[in-house]
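Since the structure comes first, as structure tokens, the remarks are kept for the end.
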Amino acid sequence: MKSTKFATKAVHAGVEPDPTTGAIMTPIYQTSTFVQDGPGIHKGFEYSRAQNPTRFALEACLAALEDGTHAYTFGSGLAAIDALMKLLRPGDEVVCTNDLYGGSYRLFTRIYENFGFKFHFVDMTDANNIRPYLNERTKLVWIETPTNPLMRIVDIEAVCKIAKNYSSKLLVGVDNTFASPYLQQPLCLGADVVMHSITKYLGGHSDVIMGALMVKDSTLAEQLKFIQFACGAVPGPQDCFLVLRGVKTLHLRMDAHGRNASAMAQALDKHPKLSGLYYPGLSTHPSHEIAKKQMRNFGGMISLRLAQEGIEAAARFMRKLEVFAMAESLGGVESLCNHPASMTHASIPKPEREKIGITDSLIRLSVGIEDGEDLINDVLQALEAV
């Protein structure tokens, strides 16, 4: 699209009125195959694993939102990361953010390490920390920012410069799930590929499981397109339709998430029943200035650490919540609370979890778009039970 404004892209990118009926919404092409006029003579569509008009519309939209040229969707965020990893070969090394989603850690350590890959988990809040781990076998630097669940911030541009100065062939990937393309665009900061768990903010309504990779480089795009086609972990057309609907309000939702989370963080700051509060919008956050530089607002995710240690106190707090629902995932319009140590990050061995700060007293909040005062009051009254 010619427009450079995000809101216009969110509503219109990738979407054209249906040429047959004029329908303004992209139809759900719920078909596995397409009739051909002759052997190999068709209208650009043969089989829905390879091509589907609904999926193509969504992918064009997602590429535009990340200011990329190509996007490829997959059956989940982990399937998207798995597709990216298939660009590498046994013996290759990956430098990763040390505080990252438990599913990513599980995929790396329990699947790909078995195939001869080596992973280095590094605190990237100082970009220079990656330098000792870069060598001729390093093929990918994997960034997550804000991190899950401790809301650490990585300076994407700084890491990309260090990686590219070491080797122009070194890929830099960013898990941009917590921020969404509305808040941060890693491709514009030097990254080669961006991953989203579309399940979260892009879908936004807790009704879809999907992932995506976005890129600018045409050679990388062709490689990922082949992997998507050959391995077949593609989403169905109805899910693609739901995400196309969801992204039309992404900018509105992300502003509401950020507004509510910022107010929540201010209300909880220095609360006597908390020993830690993790939100990059707080001026006391160690990477507040970096977040301010690379994000439009500070997002809807907050983590808090109860002053009282132990899972029992965390359970009492979470059960007392009335508006927040206790559940996996994040990024939907409704507010959710999560206990990382026993839920999203349970696959990380306890010593490794605790080394980076994921203890039993840590709770992650996905702040929704409900009334902000109601959400604050809900958390404050639940803290009284601790």
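No more than 12 heavy atoms of other residues, nucleotides or ligands shown are found within 6.0 angstrom of CD1 on Ile24. Around CD of Glu373, the count of heavy atoms belonging to other residues, nucleotides or ligands within 6.0 Å does not exceed 12. The number of heavy atoms from other shown groups lying within 6.0 Å of NZ (Lys293) is above 12.
Salt-bridge check for Asp239 with Arg55: failed, with every basic side-chain N at 4.0 Å or more from each acidic carboxylate O.
Lys273 contributes a side-chain N or O that, together with a main-chain N or O of Leu383, makes up a donor-acceptor pair within less than 3.5 Å. Of the possible donor and acceptor atoms, one in the side chain of Tyr72 sits under 3.5 Å from a partner among the backbone N and O of Ala221. A donor-acceptor pair under 3.5 Å links the side-chain atoms of Ser366 to the main chain of Gly331, judged by distance alone. Between the side chain of Thr33 and the backbone N or O of Glu46 there is at least one donor-acceptor pair closer than 3.5 Å. Proximity of a side-chain donor or acceptor of Lys248 to a complementary backbone N or O of Val11 within less than 3.5 Å is detected. Put simply, the side chain of Ser48 gets close to the backbone of Thr31: a donor and an acceptor are under 3.5 Å apart. The closest donor-acceptor contact from the side chain of Arg89 to the backbone of Lys86 lies under 3.5 Å. In terms of modelled atom types and a separation under 3.5 Å, the side chain of Arg353 and the main chain of Ile348 share a donor-acceptor contact. Checking side-chain atoms of Ser361 against main-chain N and O of Gln308 turns up no donor-acceptor pair under 3.5 Å. Listed for the Lys139 side chain is a donor-acceptor partner under 3.5 Å among the backbone atoms of Glu136.
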Report the C-alpha separation of His196 and Tyr201 in whole Å, then their side-chain angles, then the decisive distance to 0.1 Å, and conclude whether the ring-ring contact (aromatic ring centres under 6.0 Å, His included) test is met. CA-CA 9 Å; His196 282 277; Tyr201 286 114; 9.6 Å; no

Assess whether side-chain contact (heavy atoms from CB on, under 4.5 Å) is satisfied between Phe117 and Met85, documenting all intermediate values. CA-CA 10 Å; Phe117 294 76; Met85 288 298 299; 4.0 Å; yes

Take Thr199 and Leu330, measure what side-chain contact (heavy atoms from CB on, under 4.5 Å) needs, and give me the verdict at the end. CA-CA 8 Å; Thr199 310; Leu330 59 104; over 6 Å; no

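A side-chain donor-acceptor contact under 3.5 Å links Ser197 and Lys200. For the residue pair Asp269/Tyr279, the side-chain donor-acceptor check at 3.5 Å is not satisfied. Remark: the Glu334 side chain and the Ser206 side chain contain an N/O donor-acceptor pair separated by less than 3.5 Å. Between Gln294 and Glu157, the side chains place no donor N or O within less than 3.5 Å of an acceptor N or O (distance only, hydrogens not considered). Residues Gln228 and Gln223 have side chains that never bring a donor and an acceptor to within less than 3.5 angstrom of each other. Asn176 and Glu144 share no donor-acceptor pair across their side chains, judged by distance under 3.5 Å alone.
Residue Arg245 holds its CZ atom at 13.5 Å from SG of Cys240, rounded to the nearest 0.5 Å.
Listed by first and then second residue, the ring-ring contact (aromatic ring centres under 6.0 Å, His included) pairs that reach into residues 27-58 are Phe34-Phe45, Phe45-Phe56, sequence neighbours excluded. Pairs engaging residues 376-386 under the side chain to side chain donor-acceptor pair (under 3.5 Å) rule: Asp378-Gln381 [sequence neighbours left out].
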Please tabulate, for the side chains in residues 254-265, all donor-acceptor contacts under 3.5 angstrom to protein atoms that are two or more places apart in sequence or on a different chain.
{"unit_1": "Asp255", "atom_1": "OD1", "unit_2": "Tyr182", "atom_2": "OH", "d": "3.1"}
{"unit_1": "Asp255", "atom_1": "OD2", "unit_2": "Tyr182", "atom_2": "OH", "d": "3.1"}
{"unit_1": "His257", "atom_1": "ND1", "unit_2": "Val367", "atom_2": "O", "d": "2.7"}
{"unit_1": "Asn260", "atom_1": "ND2", "unit_2": "Gly368", "atom_2": "O", "d": "3.0"}
{"unit_1": "Asn260", "atom_1": "ND2", "unit_2": "Glu370", "atom_2": "O", "d": "2.8"}

Extract all donor-acceptor atom pairs below 3.5 Å that involve side chains of residues 186-193 and protein atoms in other chains or at least two apart in sequence.
{"unit_1": "Asp192", "atom_1": "OD1", "unit_2": "Lys164", "atom_2": "NZ", "d": "3.1"}
{"unit_1": "Asp192", "atom_1": "OD2", "unit_2": "Lys164", "atom_2": "NZ", "d": "2.6"}
{"unit_1": "Asp192", "atom_1": "OD2", "unit_2": "Val172", "atom_2": "N", "d": "2.8"}

Identify each donor-acceptor pair in which a side-chain atom of residues 312-329 lies under 3.5 Å from a protein atom, sequence neighbours left out, and give them as a table.
{"unit_1": "Arg316", "atom_1": "NE", "unit_2": "Ala385", "atom_2": "O", "d": "3.4"}

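For His120, the ring-ring contact (aromatic ring centres under 6.0 Å, His included) partners are Tyr133, not counting sequence neighbours.
A tilted orientation is assigned to the rings of Phe121 and Tyr105, their planes being inclined by 30° to 60°.
Lys216 and Gly68 get closest at one heavy-atom pair: CG-CA, 3.8 Å. When all heavy atoms of Pro149 and Asp99 are compared, the closest pair comes out as CD-OD1, 3.3 Å. Residues Ala127 and Val159 come closest through the heavy atom pair CB-CG2, 3.7 Å.
Aromatic ring centres of His288 and Phe298 lie closer together than 6.0 Å.
Figure legend: cation-pi geometry between Arg49 and Phe229, with NZ or CZ positioned under 6.0 Å from the six-membered ring centre and within 45° of its axis.
Side-chain atoms of Tyr112 and Val94, non-hydrogen and from C-beta on, never get closer than 4.5 Å to each other.
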